[in-house]
K.L.:
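Take a look at the following structure, please.
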Amino acid sequence: LQNGDIQVELREIGVGDHVTGLSLGDKAFTPLKTFVQRHTKAYAAQMLAKSYGVFEGEKLLGYVTLVCGQIEVDGGEPAPDVGDAQFEYKHYPAVKIARLAVNRRYRGTGLGRHLVDFSLGLARDTIASAVGCRFVVLDVKPQSVAFYEKNGFRLIDTETNRARDEPVMFLDLKGTPVTVAAPQEP
Ligand SMILES: CC(C)(COP(=O)(O)OP(=O)(O)OC[C@H]1O[C@@H](n2cnc3c(N)ncnc32)[C@H](O)[C@@H]1OP(=O)(O)O)[C@@H](O)C(=O)NCCC(=O)NCCS
């Protein structure tokens, strides 16, 4: 993967990888930094979460963590508008983007989109092709809503969801073409 002047690689974060030094800026993002430093390898070993990093050589530039998830339909709410899925069930199977972060010095160069595209490709081509899985979901930080909208996600349009600190966004894998975009020149 060529990203401007740098050569980057996207792969699963392994036991031998250096996962320190991810600079995320705002204090609000410290848990994302702490998670990758302290927990990714243990979670992977426990089969609780899988994390994939974008590396320039040994240097970690960004990562995404994926887990099994679901969309829960609140009985008291009107059915959310989620494509043509019929909400006769209370839960719908999904892949969840549990964490996503890009080093602040490398933002705006397409790495975030590449991590999302990678996750969608994995969810659709590897998981949903073998096991029932209709959606990709995530709990969004307010400042990142526009980023995910650009990547095809939508907020679940219910009062309960809008009132959450980190509302749920979803993408319907059925009928969604996933195109892997190449990162742009910085
Ligand atoms: C959100 C984040 C992952 C985006 O990563 P990135 O590498 O900068 O994103 P990209 O360069 O791939 O951007 C893709 C597109 O989204 C846009 N975009 C990126 N961040 C955006 C934001 N916060 N708001 C609106 N648009 C944004 C880019 O301008 C680009 O648009 P374009 O295609 O029209 O040029 C990164 O800003 C980040 O790590 N933020 C802190 C942690 C965080 O918020 N994680 C998400 C948790 S819910």
Side-chain angles (χ1 to χ4, degrees), residues 1-13 17-40 43 48-57 59-72 94-123 135-158 160-172 176-186:
L1 185 65
Q2 192 76 31
N3 184 26
D5 290 338
I6 59 167
Q7 191 88 31
V8 294
E9 183 191 6
L10 202 170
R11 57 178 156 84
E12 187 175 345
I13 296 176
D17 285 322
H18 297 287
V19 288
T20 51
L22 192 65
S23 173
L24 297 181
D26 197 315
K27 266 197 190 141
F29 303 136
T30 302
L32 290 166
K33 182 175 171 160
T34 310
F35 181 82
V36 74
Q37 283 179 3
R38 297 199 193 149
H39 304 303
T40 42
Y43 273 58
L48 293 172
K50 286 274 193 181
S51 298
Y52 301 86
V54 174
F55 291 89
E56 181 191 14
K59 190 179 173 194
L60 181 69
L61 306 186
Y63 78 100
V64 63
T65 299
L66 301 175
V67 298
C68 286
Q70 62 185 9
I71 289 188
E72 189 175 339
V95 165
K96 182 170 185 178
I97 296 180
R99 305 274 189 285
L100 173 74
V102 171
N103 187 319
R104 66 190 168 94
R105 294 187 197 91
Y106 293 82
R107 285 183 196 154
T109 66
L111 294 182
R113 172 179 289 137
H114 193 67
L115 285 163
V116 170
D117 282 349
F118 169 78
S119 306
L120 298 181
L122 201 67
F135 299 102
V136 176
V137 293
L138 55 93
D139 302 327
V140 73
K141 295 185 196 313
Q143 62 269 50
S144 303
V145 170
F147 166 74
Y148 286 113
E149 281 176 344
K150 282 192 169 171
N151 285 286
F153 286 79
R154 283 191 286 149
L155 280 164
I156 292 182
D157 190 19
T158 64
T160 313
N161 192 47
R162 280 193 301 270
R164 290 192 172 108
D165 289 342
E166 295 193 356
V168 179
M169 294 187 86
F170 72 96
L171 180 143
D172 192 349
T176 303
V178 178
T179 49
V180 176
Q184 309 131 16
E185 298 278 327

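FYI, side chains are in, hydrogens and waters are out, and symmetry mates aren't considered; it's all heavy atoms of this structure. Note that the numbering runs from 1 along the sequence shown for the chain. Both counts, for ligands and for their atoms, begin at 1 and track the order of listing.
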K.L.:
Hey, is CG on D165 packed in by over 12 heavy atoms from elsewhere, all under 6.0 Å?
P.N.:
no
K.L.:
Looking only at atom types and distance, does a side-chain atom of N161 sit under 3.5 Å from a main-chain N or O of I156, one as donor and one as acceptor?
P.N.:
yes
K.L.:
Has ligand 1 got any nitrogen or oxygen that is less than 3.5 angstrom from a nitrogen or oxygen of L100?
P.N.:
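By distance alone, the answer is yes.
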K.L.:
Distance under 4.0 Å to a non-hydrogen atom of Y148: what atoms of ligand 1 satisfy this?
P.N.:
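It comes down to these atoms of ligand 1: 46 (C), 48 (S).
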K.L.:
Are any of the N or O atoms of K141 closer than 3.5 Å to those of ligand 1?
P.N.:
no
K.L.:
Using a strict cut-off of 4.0 Å, indicate which atoms of ligand 1 neighbour a heavy atom of G110.
P.N.:
10 (P), 11 (O), 12 (O)
K.L.:
Looking at F55, I'd like to know if the NZ or CZ of R11 sits under 6.0 Å from its six-membered ring centre while staying within 45 degrees of the ring's axis.
P.N.:
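Satisfied, under 6.0 Å and within 45°.
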K.L.:
Are any of the side-chain nitrogens in D26 or R104 under 4.0 Å away from the carboxylate oxygens of its partner?
P.N.:
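A salt bridge is absent here (no side-chain N lies under 4.0 Å from a carboxylate O).
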K.L.:
Counting only heavy atoms, tell me which of Y63, F147, Y106 gets closest to atom 26 (N) of ligand 1.
P.N.:
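Going through Y63, F147, Y106 one by one, F147 has the nearest heavy atom to atom 26 (N) of ligand 1.
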K.L.:
Of the choices R113, R99, K150, E166, which has the non-hydrogen atom that lies closest to atom 33 (O) of ligand 1?
P.N.:
R113
K.L.:
Check whether the side chains of S51 and T65 place a donor and an acceptor atom closer than 3.5 Å, and report yes or no.
P.N.:
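Short answer, yes.
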K.L.:
Checking contacts here: is it the side chain or the backbone of H114 that comes within 4.0 Å of ligand 1, counting heavy atoms only? Could be both or neither.
P.N.:
neither
K.L.:
Is any NZ, NE, NH1 or NH2 atom of the basic residue among E149 and R154 found under 4.0 Å from an Asp or Glu carboxylate oxygen of the other?
P.N.:
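Not counted as a salt bridge, because no side-chain N and carboxylate O are separated by less than 4.0 Å.
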K.L.:
Any idea which atoms of ligand 1 are less than 4.0 Å away from a heavy-atom of L32?
P.N.:
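Answer for ligand 1: 42 (C).
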K.L.:
Using a 4.0 Å heavy-atom cut-off, say whether D26 meets ligand 1 through its side chain, its backbone, both or neither.
P.N.:
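Within the 4.0 Å criterion, D26 makes no contact with ligand 1.
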